[in-house]
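Read through the structure below, which is laid out as structure tokens, and then see the notes.
Counting starts at 1 for both ligands and their atoms, following the listed order. Treat the numbers as computed from the prediction; the structure is a model and nothing was measured. Reckoned from all heavy atoms, side chains included, excluding hydrogens, waters and symmetry mates.
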Amino acid sequence: MSKFSDHNFANEKALIRVDFNVPLDKQTFAITDDTRMRATIPTIKKILGDGGSVILMSHLGRPKEGPEEKYSLKHIVVHLSELLGGAKVEFADDCIGQQASDKAATLKPGEVLLLENLRFYKQEEKGDEAFAEKLSKLGDVYVNDAFGTAHRAHASTAVIAKFFPGDKKMFGLVMEGEVSSAEKVLHKSEKPFTAIIGGAKVSDKILIIENLLERATDIIIGGGMAYTFYKAQGGNIGNSLCEEDRLDTAKELLKKAEAKGVCIHLPGDSIIADKFAADASVSSSLSNTIPDGWMGLDIGPMACDTFSKVIKASKTILWNGPMGVFEMEKFQHGTKTIAAAVVDATAHGAFSLVGGGDSVAAVNQFGYADKVSYVSTGGGAMLEYFEGKVLPGIAAINEQ
Ligand code: 3PG
Ligand code: MG
């Protein structure tokens, strides 16, 4: 493996796997969140600045049977060019085949080519070797900068690496930044280390909580998943979300935490609503005595207070998952308060990493993205990294 910043790309064609799986407006195909695209610009610019050329490949969405208009990467060409300061971006409407090879072959130093959605071929997700080899022929050097897709063992994210010699494959700057931030939290955390875990389901977060029990001093649990913990302890949670088949898991996690001396913080009170809607009637209640017909949709004022104190006293913070239904104004106070506490702790020297689609959307919405230490571009990938799994996109470059 070569180190990206040490590599001189002059006269080379760099084939970069990026994660341009960005949300598009259903009608206009306009990009509604370009975070992932913006993140890769320094990688692209470094290569162009060296006098190299860039071939970008990505997936978009989950197309089922070949090409689909709504999943075409042509929708992002204009914006990509803008992000690159007006540089011309060529587009190949097939990621392999004659047109792609011709366009790649005639690419000159300083030029950019974007390939059509890799997932228009089933071979991509199957990790097909022949398909990976065809892609590999387009570039002289392979750069994996798709952290968001690093948990997939696909042709372009993992298999392709074997077709490049050791000094012609490397991570890009997004991947390097993601991995060094995650490593800092997982293995070099200054204590107290608080993990804030939210979201709807306990089942999605069991593995990450188990792994964090080995590392964190405090785990704050918010969002819909908190009510499964309350129910498991015999509380009345009304109509709040609950995974009945995870009650034992929740109890187990609490027991393990106690045995390990990790402090689990559940939201003592909740903002409750009589329906899951922006115009619901709203009240507050202790989280273990929610009346029938009502559901907890955000953490309450007491929980905001307790959680903020824990966060502000922390030196390392990992945040994955919102505290409530922050998309609706009536239920965003908890997530906003927690975001503010993370920002405050960061300003006082803590290292804070925020990841996962919803928590990232929340810090963006509240204008806090540049006030935390690192915002991850990975959802599933970030979760799996923190579960302690080896991500195929990382292993393919590290281990060959
Ligand atoms: C994501 O957004 O999670 C990544 O781009 C990976 O996409 P996938 O979940 O469809 O594999
Ligand atoms: Mg995903």
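Grouping Ile, Leu, Val, Met, Phe, Trp and Tyr residues whose side-chain heavy atoms lie under 4.5 Å apart, directly or via other members, places Leu297 in a hydrophobic cluster with Ile271, Phe276, Val282, Met295, Val325, Met328, Phe331.
Shown in contact with Asp19 at under 4.0 Å from a heavy atom are these atoms of ligand 1, numbered in order with element: 4 (C), 5 (O). Atoms of ligand 1 found under 4.0 Å from any heavy atom of Arg119 (numbered from 1 in listed order, with element): 7 (O), 8 (P), 10 (O), 11 (O). Listed by atom number, the atoms of ligand 1 under 4.0 Å from Arg152 heavy atoms are 8 (P), 9 (O), 11 (O). Every atom of ligand 1 with a heavy atom of Asn21 under 4.0 Å away is listed here by number and element: 1 (C), 2 (O), 4 (C), 5 (O), 7 (O).
Between Tyr142 and Phe164, the ring planes lie parallel to each other; the angle is under 30°, not in the 30° to 60° tilted range.
A side-chain donor from one of Ser270 and Tyr227 sits under 3.5 Å from a side-chain acceptor of the other. For the residue pair Tyr121/Glu116, the side-chain donor-acceptor check at 3.5 Å is not satisfied. Donor-acceptor pairing under 3.5 Å is lacking for the side chains of Ser189 and Thr316.
When the heavy atoms of His154, His59, Arg62 are ranked by distance to atom 6 (C) of ligand 1, first place goes to His59. Residue nearest to atom 4 (C) of ligand 1, selected from Pro23, Gly148, Ala146: Gly148 (by heavy-atom distance).
Not a single heavy atom of Met382 lies less than 4.0 angstrom from ligand 1. Residue contacts with ligand 1 leave out Gly379, since none of its heavy atoms falls under 4.0 Å from the ligand. Contact annotation: Glu125 has no heavy atom less than 4.0 Å from any atom of ligand 1.
Ion pairing of Glu125 with Arg62 is absent here, as no side-chain N (NZ or NE/NH1/NH2) approaches a carboxylate O to less than 4.0 Å.
Sorted by first and then second residue, the pairs that involve residues 21-48 and meet salt bridge (Lys or Arg N to Asp or Glu O under 4.0 Å), not counting sequence neighbours, are Asp19-Arg36, Asp34-Arg38, Lys46-Asp50.
Here Arg36 has side-chain heavy atoms under 4.0 Å from ligand 1, and that is the only part of it that gets that close.
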